[in-house]
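Chain identifiers are assigned alphabetically (A, B, ...) following the order of the sequence lines, protein sequences preceding nucleic acid strands; residue numbering begins at 1 within each chain.
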Amino acid sequence: MSEAEELQKLADKEYEFGFVTDVESDSLPPGLDEDTIREIVRRKGEPDWLLEYRLKAFRHWQTMEDPAWAKVNKNVVNYQDLIYYSAPKPKKQLESLDEVDPELLETFEKLGISLEEQKRLSNVAVDAVFDSVSVATTFSDKLAELGIIFCSFSEAVKEHPELVRKYLGSVVPYTDNFYSALNSAVFSDGSFCYIPKGVACPMELSTYFRINAAGTGQFERTLIVADEGSTVSYLEGCTAPMRDENQLHAAVVELVALEEATIKYSTVQNWYPGDADGVGGIYNFVTKRGLCKGDRSKISWTQVETGSAITWKYPSCILQGDDSIGEFYSVALTNNFQQADTGTKMVHLGKRTKSTIISKGISAGKGQNTYRGLVDIKKGAEDARNFSQCDSMLLGDRCGAHTFPYVEVRNPSAKVEHEATTSKIGEDQIFYCNQRGISTEDAVSMIVNGFCKEVFSELPMEFAVEAQKLLAVSLEGSVG
Amino acid sequence: MSAHENEGKMILDVNNLHASVEGSPILKGLNLSVKPGEVHAIMGPNGSGKSTFANVLAGREDYTVDSGSVSYSGLDLLDLDPEERACEGIFLAFQYPVSIPGISNAYFLRSALNAVRRYREESEVDAVDFLQLVREKMKLVGMDEKLLQRSVNDGFSGGEKKRNEILQMAVLDPKLAILDETDSGLDIDALRIVAEGVNALRGGDRAFIVVTHYQRLLDYIVPDHVHVLSEGQIVRSGDKTLAHELEREGYSWLESGHAREKTQEAS
């Protein structure tokens with residue numbers, strides 16, 4: 001079999017997590033107007049200030065247009081065909097995992113993320129978001145002893161309205177972009193996390209997202225606030241069941257790091273990418289941004305993106321505090337007809353701010369992979385530093401890699417370095433492995449993992465292993 | 001005595017092999033028989049097809065076999081994928097060893113060893129046993145242990161790369177080792193170290209095909225047979241003294257008729 005054929009065979013491997021859980025959904029009919037928003041607020045029992053916030057966002061959204069600047073081809077999303085609220089039954093408050101619908105638990109187990117196992121064996125607190133409403137939250141009590149708040153967004157609105165109100169939209173205002181406006185209007189649930197002053201969160205905080213009800217738009221909202229001198233590492237991972245129609249996922253994630261606080265946010269994203277003919281798949285249009293508000297604060301994004309039909313995502317850092325640090329480590333893989341337009345923005349405002357960007361794009365099949373990044377050094381950012389490295393790897397000759405690094409420097413003391421490489425996965429590398437007895441499939445997986453090493457080494461251990469497996473699975477049927 | 005009559009004793013039997021690269025014929029009727037334990041040197045001028053022969057034996061994709069047969073340990077070699085050939089005990093020491101950034105030498109070598117062992121239905125070697133094995137072999141080829149944790153051939157010097165090839169050979173324990181211009185790019189000290197490694201692996205039934213342009217490697221790896229390849233055919237065979245003769249006289253005696261015309265056109 002030729003290398004191209006083998007690559008194709010690998011790429012043709014079916015999406016492993018493509019199953020649908022048969023849970024009765026309590027959904028609103030499709031469509032979006034002010035009444036839809038009022039109904040979401042009513043069902044969720046939210047306060048008036050949040051209704052006002054949502055309505056303002058909705059009204060602003062109506063004045064905006066679906067952006068077309070990203071280097072992706074997509075179908076027009078008809079926002080009136082989407083369902084904006086969907087909650088699995090039963091909705092009553094659950095005390096323990098025993099009360100959780102066994103079918104949900106089974107789904108998690110298929111994904112290898114059994115809550116029970118997580119809870120018992122690992123040191124990870126899991127806030128599982130199943131469709132739009134949290135069904136189980138673990139370790140909250142233990143975290144509460146340290147004053148750490150880790151709960152669903154809805155719960156935070158009820159229990160900690162002063163914090164939510166203070167920080168919601170403070171990093172990503174609803175006016176920011178089309179999808180953040182839409183999310184602000186209709187977000188259903190998500191996660192909230194607050195680390196009090198001087199506390200180092202003793203465990204990785206983790207949320208698994210999963211799209212379930214057919215045709216449901218997912219509008220998750222995550223807000224993490226790290227108070228002065230605190231540290232937290234947050235893990236986000238997602239898989240989604242196979243679907244024929246495109247599903248929109250437009251999440252907003254806001255991070256706030258106060259003085260000397262550190263937030264590490266890691267994502268492994270494996271939404272359904274569509275089939276080998278490019279039918280179906282998730283549209284992942286996410287706004288993620290962190291604000292290094294205090295001096296010497298640090299925000300680090302690490303992402304491994306293997307899923308979605310279209311990924312449109314730029315986890316960014318606003319380096320406001322002096323000596324604050326922003327980091328972005330990314331692996332994005334596109335196979336078949338997947339498209340990814342991803343990168344970061346590093347906005348340097350404070351003095352001696354530093355940012356590092358390491359981006360690894362892998363394209364296989366007919367996948368298109370774009371890095372789009374902005375390093376923006378503002379006038380007051382004395383002695384700012386940036387280092388960017390954007391590497392692309394091509395598997396086969398029908399895919400594409402594109403790099404758009406924008407740099408704006410308004411302070412002459414800045415030092416900005418940019419390196420970029422593009423390589424084809426070498427036939428000579430594969431042959432070298434073959435000649436040592438290693439199969440082509442294993443060789444490709446090995447070479448790609450080597451290519452991504454600098455990013456994987458930033459991931460927490462368990463996640464790094466998962467990410468490597470995911471990469472191998474995603475490449476199966478893509479490369480020889 | 002034809003090669004066929006001896007097939008039972010042969011580890012490798014190449015019969016009237018024709019092969020081409022991108023449509024140009026390179027090998028034009030090559031015959032070669034190798035018995036277990038023998039060391040054969042293939043010499044010849046640039047462009048005579050030496051490297052092509054080495055790569056065809058290893059099964060490289062860009063090299064097309066047009067006709068002829070290759071029997072290896074009773075198997076139809078041309079029927080096997082490159083990784084199957086490797087698992088059956090064919091090892092090619094590359095002229096230009098390939099680097100694999102981000103993958104440690106140790107991980108690569110253990111993956112290779114276990115792939116071969118799985119093929120042979122042997123149990124896989126765990127990290128501890130592997131380390132013990134590889135340390136022993138590193139001594140054999142005079143290699144610094146630090147190189148185990150470095151990425152495969154990434155940033156290695158010419159000598160380190162070639163020594164790494166011999167280390168891989170030592171660990172994978174092949175039946176037929178093919179050295180493709182292993183002397184190229186080596187100074188005399190590095191050459192000697194590499195050759196000592198090879199010599200340490202000689203013995204028993206392991207056969208070697210040593211492809212080289214120059215005689216100097218054969219001062220250290222003394223062959224049982226020397227063949228001269230010219231225009232895709234073996235035109236002369238002899239014992240180790242043939243290599244010395246070539247050293248004295250060069251390859252100019254090959255340039256007759258067609259070959260000379262081509263040289264003139266090129267200049």
Side-chain angles (χ1 to χ4, degrees), chain A residues 1-7 9 304 329 331 358-360 362 389 391-393 395-397 419 421-459 464-465 467-468 471-472 479-480, chain B residues 54-55 57-64 80-105 107-120 122 124 150-154 161 164-165 167-169 171-174 177-178 180:
Chain A
M1 203 181 316
S2 76
E3 186 193 332
E5 282 167 336
E6 289 208 40
L7 282 175
K9 196 183 92 198
V304 177
Y329 301 96
V331 167
I358 307 284
S359 165
K360 305 279 181 176
I362 302 147
Q389 185 184 330
D391 298 326
S392 306
M393 180 176 266
L395 285 74
D397 50 14
E419 290 177 9
T421 66
T422 302
S423 54
K424 266 191 93 165
I425 192 160
E427 278 174 30
D428 51 348
Q429 282 177 321
I430 291 174
F431 178 65
Y432 191 66
C433 295
N434 286 162
Q435 215 300 308
R436 300 301 182 249
I438 299 166
S439 71
T440 300
E441 192 169 309
D442 290 347
V444 168
S445 172
M446 185 189 284
I447 294 161
V448 170
N449 273 309
F451 175 72
C452 301
K453 193 184 179 192
E454 289 154 283
V455 175
F456 287 165
S457 64
E458 292 296 324
L459 287 172
V465 172
Q468 288 189 24
L471 214 60
V479 183
Chain B
N55 281 292
L57 291 180
R60 196 170 191 129
E61 201 179 330
D62 309 335
Y63 295 76
T64 311
L80 302 179
D81 286 338
E83 60 270 32
E84 292 173 320
R85 299 181 195 198
C87 292
E88 288 289 349
I90 289 187
F91 183 93
L92 173 65
F94 283 58
Q95 181 176 7
Y96 304 107
V98 178
S99 64
I100 306 176
I103 293 298
S104 78
N105 228 2
Y107 180 84
F108 176 76
L109 198 43
R110 187 152 79 93
S111 302
L113 179 62
N114 282 332
V116 171
R117 290 180 67 91
R118 276 196 304 274
Y119 181 88
R120 295 175 185 164
E122 294 165 0
E124 295 192 22
R150 298 237 320 253
S151 293
V152 179
N153 294 322
D154 197 21
K161 282 183 187 173
N164 202 24
E165 294 292 286
L167 172 68
Q168 293 177 11
M169 185 196 294
V171 170
L172 296 176
D173 192 24
I178 304 156
D180 185 10

message: So for B:S99, is it side chain, backbone, both, or neither that comes closer than 4.5 Å to the heavy atoms of chain A?
response: backbone
message: At a 4.5 Å cut-off on heavy atoms, which part of B:L172 comes close to chain A: side chain, backbone, both, or neither?
response: side chain
task: Looking only at non-hydrogen atoms, find the nearest pair between A:G437 and B:A86 and report the distance.
output: N-CB, 3.4 Å
- request: Please tell me if the side chains of A:D428 and B:R60 come closer than 4.5 Å, counting only heavy atoms from C-beta onward.
  value: yes
field: Option that, when pairs with chain A are counted at under 4.5 Å, heavy atom only, ranks first among B:Y96, B:Y107, B:F91
entry: B:F91
- request: Measure across B:I100 and A:C433 and return the closest heavy-atom pair with its distance rounded to 0.1 Å.
  value: CD1-SG, 3.7 Å
message: Which residue in the set A:E427, A:Q435, A:Q429 passes side-chain contact (heavy atoms from CB on, under 4.5 Å) when paired with B:V98?
response: A:Q429
query: To the nearest 0.5 Å, what is the distance between CG (A:N449) and CD1 (B:I103)?
result: 6.0 Å
- request: Please report the closest heavy-atom contact between B:R118 and A:D442, naming both atoms and the distance.
  value: NH2-OD2, 4.2 Å
message: Applying side-chain contact (heavy atoms from CB on, under 4.5 Å) to B:F108 and A:M446, what does each step give before you reach the verdict?
response: CA-CA 9 Å; B:F108 176 76; A:M446 185 189 284; 3.7 Å; yes
Which portion of B:D154 sits near chain A, non-hydrogen atoms under 4.5 angstrom: neither
task: Pick one of side chain, backbone, both or neither for B:P174, based on which atoms fall under 4.5 Å of a heavy atom in chain A.
output: neither
- line: Okay, B:I90 and chain A: the region with an atom under 4.5 Å from a heavy atom over there is both
query: For the residue pair B:F94 and A:Y432, does the interplanar ring angle fall in the parallel (under 30°), tilted (30 to 60°) or perpendicular (over 60°) class?
result: perpendicular
- prompt: Does any heavy atom of chain A fall under 4.5 Å from the side chain of B:N114, the backbone, both, or neither of them?
  reply: neither
